[in-house]
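Report on the structure given below.
Counting starts at 1 for both ligands and their atoms, following the listed order. No experiment lies behind these values; they were computed from the predicted model shown.
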Amino acid sequence: MRFRRCAAAAAVALFAVLAASGGTASAASCPWMNPTLSPNARAEMLLGAMSLSDKVAMTYQQYPLDYHYGAAGYIPGNASLCIPDLVFNDAGQGVGDAQTGTTAFPAPIAQSASWDPGLQYQFGAALGQEASEKGIDVQLAPGIETDRVPMDGRNWEYASEDPFLSGQTGAAEVEGIQSQHVIVTLKHYIANSQETDRMTDSADVDQRTLEEMYAPQYDVAIHQGGAMGVMCSYNRINSVYACENPQTLKGMLDGQFGFTGMVVSDWGATHSTVASAMNGLDIEMNVTPGTYFGPALETAVEDGQVPTSTLNDMVLRILRAMFTVGVFDHPPAAQPEAYAAPVSTPDHVALARTISEEGTVLLKNQDGILPLTGSGQKIALIGPAAGQTGAENEYNGEGSGHIPEVGVVPVVSPLQGITQRAAADDDTVLYADGTATADAVAAAKAANVAVVVVGDSESEGTDRSSLTLTGGTCTLEGCVPQTSDQNALISAVAAANPNTVVVLDTGGPVLMPWLGQVKGLFEAWYPGQEDGNALAALLFGDVDPSAHLPETFPASETAQPISTAAQWPGVTEPGDSVGPHSIYSEGLLVGYRWYEANGVTPLFPFGYGLSYTTFHFSDLTVTPASSGAVARFTLQNTGSRYGADVAQAYVGMPASTGEPPRQLKGYQKVWLEPGQSKTVSIALPETSFAHWDTTAGTWVVTPGDYTVSVGDSSAGLPLQATLSRSSAQLPAGAY
Ligand code: NOJ
């Protein structure tokens, strides 16, 4: 049995058969229902009509998890004030929790591996549409924290180790979700890098590192994507819980990023009434409902410990989010019909397949082993993740990002997808599930090519203990590793057949002791329900592999940025009995920044990915623009197939800034016909040349020469140009 949800709470009643309580009074009695007024004016007008208890009722989860039609959270509406219900649901790879009949899309990390914001917008819109049709108006997504620790159990739920890529990915998804009148919650704000001791750990991080490596994606998702919800995380930041942290909430979120929407606590992440309300939390979501923001908040307001103006501001932020995104004017589908309704569509399933095709990274293709060509070939398909559907298949991760209930999703396994596609070429598939190595070896020996599909199971609540590919099953309570050794299986198959291709279904990087023995390698992450179809299309070359890594793959357990116990999983500090401290001593050197600064060669660099065709970069110019600069260069498809490359622009700052050697500041995915050339322009706004100045409390540009490097991975940058910048100070929040 696989575990799907976030909270370890005991099972509770699945749902209450309650009539939706909001939105029934007439528009005449609710003048704020006039859509010609601004969202803010409507919110203020409504606030003026609310009693103290009406207001407090909006600030907390009053019912247990799953109470309302299988959703993670529920704040009932107020019919007499025309306020609709707020229904919160998880949505990492699709509308999850206890919802059924929804589409299982690829994991968030697969989405960002596509480097395609247009696709991420479509994903968000599909997610928002399915949510709305299921009666949900707040999506607990997207996850955009920086993947700092490769062993993090939620690595797969986040976009990237790079804040720029996370920001662009997140902003596009936000726009898509909110286009369907469903409010997002960006999560988990902030410095939420690990699952070990996740409720108590303190992320000890200096301000510059926080601003540069962990905050920009939130800023971008808010000002570019228009996000109206943020979820504060379980962890502490510099010893103060995230949901009552004045520095990160009032200071950064509101003060710098200009956020005017609602801050929602993670489930059980609220630890106080007065401090939380005063420091910027608007909604307490809890496993035990209403611990701090129910009657306790009402009393605190009556006693004057929390001023009425603070409560007003909290409620205003919630209402403003609802009016801005359109929840009042376009409420989600009514219950109980919505709960029963199947909402996945053929278009959404096709989109799930496209995202998996565009998100699966080709990492090795020796001797042109791929794509599989010819006819009448024998293909040995081997491995624990190849054959099963549903419960055992590694189509998605575990915890609240899991989608949806066991056995409900019609998952196309690699066996099904590849068998069907092979038939079109008169190829035959010889299948061995890999539990008996002898059977796998026999199949491999009898075949022209062997494809081994292996995977792991990463979960919220549990970090991986190492980067070894262990397989098995993870839940909030921990991981049970597979007894069979997948690395040994791959080696045995590769020894039996030199034409071996490995497919990884993992949530993040793993070590690959067998890499030199195999000819082909795909990282498919958790590919969603179209797993087998997408994989078959890539293996047979029906589509060009176009994904690039959003995260560096280390060559060894120790040759990577997070290698001391103090960094992860943290150490106890004298005098702090709350929990351990994880010391962010690597500072700005997160992911590829560390490898480059230290001259360490990873197994596969950030931004890397192969295609079935080849590309050439030439003629870079970088010219000043009204804000910042523009990099222009030529990209040519020099091969004989239609395909895509991800053109990436990195900026190197003057040494005096103390910045890492190079940082991603722009990218574009470009599809080209064979022989076709294109002039690609990548905008580099002034923020691309800025770093955080802690003394000035803002972004500054140091005068000097900046290097702009262009290519298709952080370690493959054939073009360079320099550009000089003058001194500048950018407004805080200008990132
Ligand atoms: C806890 C998880 O950390 C969060 O991501 C999720 O949205 C909530 N539970 C609700 O399920």
Side-chain angles (χ1 to χ4, degrees), residues 3-12 14-15 60-61 63-75 86-99 102 107-109 127 131 134 136-145 152-159 170 173 177 182-201 203 227 229-236 241-243 262-271 283-289 396-405 458-463 474-477 507:
F3 195 84
R4 78 181 163 82
R5 315 206 22 133
C6 72
V12 292
L14 183 61
F15 60 83
Y60 73 108
Q61 156 100 309
Y63 298 96
L65 198 75
D66 277 348
Y67 177 81
H68 185 76
Y69 300 99
Y74 172 54
I75 295 181
L86 277 178
V87 182
F88 303 71
N89 206 86
D90 284 293
Q93 351 191 176
V95 179
D97 296 328
Q99 310 303 326
T102 61
I109 192 134
L127 208 60
K134 290 304 274 185
I136 292 152
D137 48 21
V138 184
Q139 282 287 40
L140 305 173
I144 55 171
E145 263 298 307
D152 179 14
R154 302 190 89 166
N155 193 91
W156 62 278
E157 284 192 67
Y158 294 139
E173 186 179 330
I177 294 174
V182 172
I183 304 167
V184 299
T185 57
L186 308 175
K187 69 188 193 182
H188 303 84
Y189 185 76
I190 188 174
N192 179 244
S193 300
Q194 65 183 64
E195 291 302 286
T196 309
D197 298 311
R198 68 172 176 159
M199 306 295 232
T200 56
D201 184 60
V230 168
M231 183 189 290
C232 49
S233 53
Y234 284 132
N235 54 286
R236 298 179 292 157
Y241 276 113
C243 294
M262 61 191 201
V263 177
V264 180
S265 79
D266 199 345
W267 272 233
T270 313
H271 295 273
I283 296 182
E284 176 199 12
M285 299 307 284
N286 222 325
V287 176
T288 314
N396 78 172
E398 302 301 317
S400 48
H402 186 78
I403 159 89
E405 288 289 65
E458 293 179 24
S459 176
E460 170 187 344
T462 310
D463 288 332
C474 291
T475 67
L476 277 172
E477 281 73 43

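- Heavy atoms of Arg154 approach ligand 1 to within less than 4.0 angstrom.
- Taking CD1 of Ile183 as the start and CG of Leu140 as the end, the distance is 11.0 Å to the nearest 0.5 Å.
- Between Asp97 and ligand 1, no pair of N/O atoms sits closer than 3.5 Å.
- For the pair Asp97 (side chain) and Asp90 (backbone), a donor-acceptor distance under 3.5 Å is present.
- Close approach of ligand 1 to Asp266 is summarised as follows: ligand atoms under 4.0 Å from at least one heavy atom of the residue are 1 (C), 2 (C), 3 (O), 4 (C), 6 (C), 8 (C), 9 (N).
- A donor-acceptor distance shorter than 3.5 angstrom exists from the side chain of Asn89 to the backbone of Gly96, with no hydrogens or angles considered.
- Using a 4.0 Å cut-off to heavy atoms of Met231, the atoms of ligand 1 that qualify are 7 (O).
- At a 4.0 Å cut-off, not a single heavy atom of Phe88 sits close enough to ligand 1 to count as contact.
- For Arg198, every heavy-atom contact with ligand 1 shorter than 4.0 Å involves the side chain, none the backbone.
- The distance from ligand 1 to the heavy atoms of Leu140 drops below 4.0 Å at these ligand atoms: 7 (O), 10 (C).
- Ligand-side atoms of ligand 1 in range of Tyr234: 1 (C), 3 (O), range being under 4.0 angstrom from any heavy atom.
- His188 contributes no side-chain N or O that, together with a main-chain N or O of Cys232, makes up a donor-acceptor pair within less than 3.5 Å.
- Atoms of ligand 1 lying under 4.0 Å from at least one heavy atom of Lys187, given by number and element, are 4 (C), 5 (O), 6 (C), 7 (O).
- In this structure, the salt bridge (charged side-chain N to carboxylate O under 4.0 Å, His left out) partners of Glu195, at least two apart in sequence or on a different chain, are Arg198.
- Lys134 pairs by the salt bridge (charged side-chain N to carboxylate O under 4.0 Å, His left out) definition with nothing, not counting sequence neighbours.
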